[in-house]
Undergrad: 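Below are the structure tokens for one structure; questions will follow.
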Amino acid sequence: MAPHAGEAPWWRRAVIYQIYPRSFADGNGDGVGDLKGLCDRLDHLSWLGVDALWLSPFYRSPMRDFGYDVSDYCDVDPVFGTLADFDALVAAAHARDLRVVVDWVPGHTSSDHAWFVEARSSRSSPKRDWYVWRDPRPDGKPPNNWVSAFTSGGPAWTFDEHTGQWWLHSFLPEQPDLNWENPEVQEAMLAVVRFWLDRGVDGFRVDVVHNIGKDPALADAEEKYAALPHCVLNDDPRTHGHLRRIRRVLDSYSGDRMMVGEVFLLTTEQIRPYYGDGDELHLSFNFPPMFAPWSAEKWRACIEEASALLDPIEAWPTWVLSNHDQPRHRTRYGGEARARAAAVLLLTLRGTPFLYMGEELGLENAVIPAERVVDPGGRDGCRAPLPWIREAGHGWPSDPWLPFPPDAAERSVEASIADPGSMLHLYRRILHARRASRALRDGALELLSSPRGLLAYRRVAAEDARVILVNTAEASASIELPSALVVDVASDGVGEGGRFEGIVAASRALILRPV
Ligand code: NOJ
């Protein structure tokens with residue numbers, strides 16, 4: 001896993017594949033995916049050609065937010081296995097040159113966590129100040145106007161009858177916010193980071209990290225934003241001090257340990273400070289492009305913005321189209337041809353791409369009948385289980401916790417491997433093209449002028465270059481390029497290896513290399 005000579009650290013070159021462990025593969029037949037199931041499928045991920053795995057939470061949890069409500073940060077929930085299973089997974093992944101990134105949820109615990117149970121027991125509890133408590137306003141109302149997520153616009157506060165104060169929760173009431181201004185909380189959470197670094201993880205995806213530092217005044221949100229959950233507004237400078245402290249822990253370990261932050265703020269501009277001066281986050285998610293429609297012009301604007309605000313070096317961009325919180329992009333963009341072209345786009349931009357498990361199969365969001373809805377945030381559709389084989393049951397030993405996505409048999413891993421024209425083979429070809437091209441991995445990006453509906457850019461590193469064309473329009477587009485080029489990868493698989501003739505068909509994307 002040593003870097004190629006002269007190349008950037010692994011996390012700038014890697015393609016990181018997100019695994020939602022409940023839905024990846026079930027190793028013990030209880031209908032919920034687990035670490036053993038995942039470990040048994042690692043060869044598939046090596047075959048695909050990704051470089052690192054990011055695992056959504058697998059820690060002990062009452063699962064009110066399916067693991068983002070942690071009741072013990074240093075143990076594996078029995079539904080996912082044991083610490084020994086985790087160690088075996090890390091060893092098996094490393095043996096295949098796959099890095100392992102785990103989710104870390106620093107901003108809130110579960111209300112079942114021993115810390116919160118203790119904190120809630122009395123106002124004089126030694127853990128009281130580990131969370132955020134306030135007296136009611138004189139009229140008995142919550143301390144401020146903040147709104148929580150997943151509560152249909154409800155307050156970010158719940159009243160504790162026993163001690164007569166409100167506790168702050170940016171998400172569900174069962175997810176009380178930790179008070180990061182308390183040094184004991186910082187120490188306890190840094191101990192969690194060390195615990196997983198000592199077990200060999202390569203990094204962390206840090207949940208809603210911009211929400212950890214808070215101004216103790218807890219002033220009301222501005223009226224114009226007051227309907228938005230507070231977690232998308234909180235942007236307090238105290239977080240930067242916390243991040244520098246966390247970064248120092250990572251830097252004290254050998255092996256390029258990395259943290260990527262979920263900075264879920266409203267603009268790309270707001271995420272830049274979270275990289276600090278190369279002493280805070282290594283990477284940050286940049287969500288505004290994920291919400292951009294399938295339009296060359298809109299994407300051009302997102303790329304320009306990322307280039308202007310995030311480059312150079314100290315703020316390496318990231319790109320993501322789907323995750324466990326949003327409807328799958330195939331469903332959002334409308335259809336397979338667009339999802340294929342989007343794969344070319346995602347994997348050829350300048351920055352670290354994140355794939356969400358199942359997008360390589362072309363999965364759509366699952367339709368969840370009302371009686372099977374389980375997520376308080378309405379996100380079950382993108383969390384449906386991965387179909388491994390054609391046959392009913394799709395490789396899950398028993399009925400999984402959520403229904404399968406549409407066309408599970410045809411989109412199963414088995415059927416996709418058997419069909420050289422499948423989306424899965426397209427992802428694999430693009431990933432191989434990236435590995436073969438330094439320009440695609442860490443070269444500069446130069447936007448080219450192009451007709452409406454066509455996005456065109458060049459990636460260049462030293463002697464290596466590629467041209468990428470992504471047609472988002474309904475019609476074909478023609479473009480003249482200065483030198484002779486060969487089609488390296490075509491999103492519809494047609495014409496690969498042939499000379500490029502200057503026309504790009506609708507919803508088609510190409511990676512071209514100089515002849
Ligand atoms: C962001 C995570 O991505 C989401 O799934 C979770 O519900 C919230 N943070 C709360 O932890």
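Because only heavy atoms are used, hydrogens play no part in the values below, and waters and symmetry mates are left out as well, while side chains stay in.
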Undergrad: Under 6.0 Å between ring centres, would you say that holds for Phe171 and His108?
TA: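 Yes: the rings meet the under 6.0 Å criterion.
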Undergrad: With sequence neighbours left out, what residues match Tyr131 under ring-ring contact (aromatic ring centres under 6.0 Å, His included)?
TA: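 Testing Tyr131 for ring-ring contact (aromatic ring centres under 6.0 Å, His included), a comparison that skips the adjacent residues, returns Phe116.
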Undergrad: Salt bridge between Arg205 and Asp207, side-chain N to carboxylate O under 4.0 Å?
TA: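 Yes, Arg205 and Asp207 are salt-bridged.
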Undergrad: Which is it for Met258 and Trp10 under the side-chain contact (heavy atoms from CB on, under 4.5 Å) test, yes or no, and what are the steps along the way?
TA: CA-CA 9 Å; Met258 177 279 287; Trp10 70 269; 3.9 Å; yes
Undergrad: Excluding sequence neighbours, so at least two apart, what forms salt bridge (charged side-chain N to carboxylate O under 4.0 Å, His left out) with Glu305?
TA: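 Checked Glu305 against salt bridge (charged side-chain N to carboxylate O under 4.0 Å, His left out); zero matches.
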Undergrad: Could you list the residues that satisfy side-chain contact (heavy atoms from CB on, under 4.5 Å) with Ser507, not counting sequence neighbours?
TA: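 For Ser507 the side-chain contact (heavy atoms from CB on, under 4.5 Å) partners, ignoring immediate neighbours, are Ala337, Arg338.
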Undergrad: Can you name the residues that form a side-chain contact (heavy atoms from CB on, under 4.5 Å) with Asp464, not counting sequence neighbours?
TA: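 Asp464 satisfies side-chain contact (heavy atoms from CB on, under 4.5 Å) with Ser437, Arg438, Ala439, Arg466 only.
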Undergrad: Under the criterion side-chain contact (heavy atoms from CB on, under 4.5 Å), I'd like the reasoning laid out for Gln18 against Asn323: C-alpha separation, chi angles, the key distance, then a yes or no.
TA: CA-CA 7 Å; Gln18 183 191 353; Asn323 63 27; 3.4 Å; yes
Undergrad: Test of understanding: with ring-ring contact (aromatic ring centres under 6.0 Å, His included), list the residues that count as partners of His44, not counting sequence neighbours.
TA: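 If we apply the ring-ring contact (aromatic ring centres under 6.0 Å, His included) test to His44, skipping adjacent residues, the hits are Trp47, Trp388.
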Undergrad: Evaluate the side-chain proximity of Phe285 to Phe354: yes if any heavy-atom separation is below 4.5 Å, no if none is.
TA: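 Answer yes - side chains close enough.
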Undergrad: Only counting residues at least two apart or in another chain, list the ones meeting salt bridge (charged side-chain N to carboxylate O under 4.0 Å, His left out) with Asp375.
TA: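 By the salt bridge (charged side-chain N to carboxylate O under 4.0 Å, His left out) rule, Asp375 matches Arg379, Arg383.
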Undergrad: For Phe86 together with Phe58, are the ring centres under 6.0 Å from each other?
TA: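 Ring centres of Phe86 and Phe58 closer than 6.0 Å.
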Undergrad: Please enumerate all residues that pass side-chain contact (heavy atoms from CB on, under 4.5 Å) together with Ala221, with sequence neighbours excluded.
TA: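 Applying side-chain contact (heavy atoms from CB on, under 4.5 Å) to Ala221 gives Asn145, Trp146, Leu233.
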Undergrad: Could you tell me whether a side-chain N or O of Arg458 sits under 3.5 Å from a main-chain N or O of Ala465, the two making a donor and an acceptor?
TA: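 Judged by distance alone, no pair lies under 3.5 Å.
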Undergrad: Kindly write out the residues that satisfy ring-ring contact (aromatic ring centres under 6.0 Å, His included) with Trp157, not counting sequence neighbours, or none if the list is empty.
TA: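 Partners of Trp157 under the ring-ring contact (aromatic ring centres under 6.0 Å, His included) test: none.
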Undergrad: If the threshold is 4.0 Å, N to carboxylate O, is there a salt bridge linking Glu280 and Arg247?
TA: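 Salt bridge absent between Glu280 and Arg247.
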Undergrad: Taking only residues two or more places apart in sequence or in another chain, which ones pass ring-ring contact (aromatic ring centres under 6.0 Å, His included) with Tyr427?
TA: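 Result, ring-ring contact (aromatic ring centres under 6.0 Å, His included) vs Tyr427: none returned.
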Undergrad: Do side-chain atoms of Glu496 reach the backbone of Ala490 as a donor and acceptor pair under 3.5 angstrom?
TA: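 Yes, the answer is positive, given that a donor and an acceptor are paired below the 3.5 Å cut-off.
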Undergrad: With side-chain contact (heavy atoms from CB on, under 4.5 Å) as the test, pick out the partner of Leu281 among Phe204, Tyr274, Trp316.
TA: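 Among Phe204, Tyr274, Trp316, the one meeting side-chain contact (heavy atoms from CB on, under 4.5 Å) with Leu281 is Tyr274.
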Undergrad: Looking at Arg96, I want to see if its CZ is surrounded by more than 12 non-hydrogen atoms of other residues, nucleotides or ligands under 6.0 Å.
TA: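 Yes, enclosed.
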Undergrad: Got a second to check how far Ile16's CD1 is from Leu283's CG, nearest 0.5 Å?
TA: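 Here the rounded value is 6.5 Å.
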Undergrad: Is there side-chain contact between Phe66 and Tyr20, with heavy atoms separated by less than 4.5 Å?
TA: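 Contact flag for Phe66/Tyr20 side chains = yes.
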Undergrad: For Thr352 and Trp11, indicate whether the former's side chain and the latter's backbone hold a donor-acceptor pair under 3.5 Å.
TA: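 A pair under 3.5 Å: yes.
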Undergrad: Whether the side chain of Asp202 engages the backbone of Arg257 through a donor-acceptor N/O pair (distance < 3.5 Å, no angle test) should be reported.
TA: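 Looks like no, no N/O pair under 3.5 Å.
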Undergrad: With no hydrogens and no angle check, is any side-chain donor or acceptor of Arg340 less than 3.5 Å from a backbone partner on Val344?
TA: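 It does not hold such a pair.
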Undergrad: Pairs in or reaching into residues 212-223: which pass side chain to side chain donor-acceptor pair (under 3.5 Å), with residues at least two apart or in two chains?
TA: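 As it turns out, the side chain to side chain donor-acceptor pair (under 3.5 Å) pairs with a partner in residues 212-223, which skip direct neighbours, are Asp177-Lys214.
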Undergrad: Using a strict threshold of under 4.0 Å (side-chain N to carboxylate O), is an ion pair present between Asp77 and Arg60?
TA: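 A salt bridge is absent here (no side-chain N lies under 4.0 Å from a carboxylate O).
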Undergrad: Can I get a per-line list of side-chain donor-acceptor pairs under 3.5 Å for residues 290-297, giving both atom names and the distance, sequence neighbours left out?
TA:
residue: Ser295; atom: OG; partner: Glu297; partner atom: N; Å: 3.3
residue: Ser295; atom: OG; partner: Lys298; partner atom: N; Å: 3.0
residue: Glu297; atom: OE2; partner: Gly453; partner atom: N; Å: 2.9

Undergrad: Report the residues that fulfil side-chain contact (heavy atoms from CB on, under 4.5 Å) with Ser322, sequence neighbours left out, ordered by chain and then residue number.
TA: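 Here the qualifying residues are Arg328, His329, Arg332, Tyr356, Glu359.
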Undergrad: So, are Asp442 and Arg13 salt-bridged, with charged N and O less than 4.0 Å apart?
TA: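 Between Arg13 and Asp442 there is no salt bridge, as every charged N stays at least 4.0 Å from the carboxylate O atoms.
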Undergrad: Can you tell if the side chain of Pro106 reaches within under 4.5 Å of the side chain of Trp180, non-hydrogen atoms only?
TA: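 Contact flag for Pro106/Trp180 side chains = yes.
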Undergrad: Above 12 or not: heavy atoms from other molecules or residues under 6.0 Å from CD of Glu446?
TA: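 Counting neighbours around CD of Glu446, more than 12 heavy atoms of other residues, nucleotides or ligands fall under 6.0 Å, so yes.
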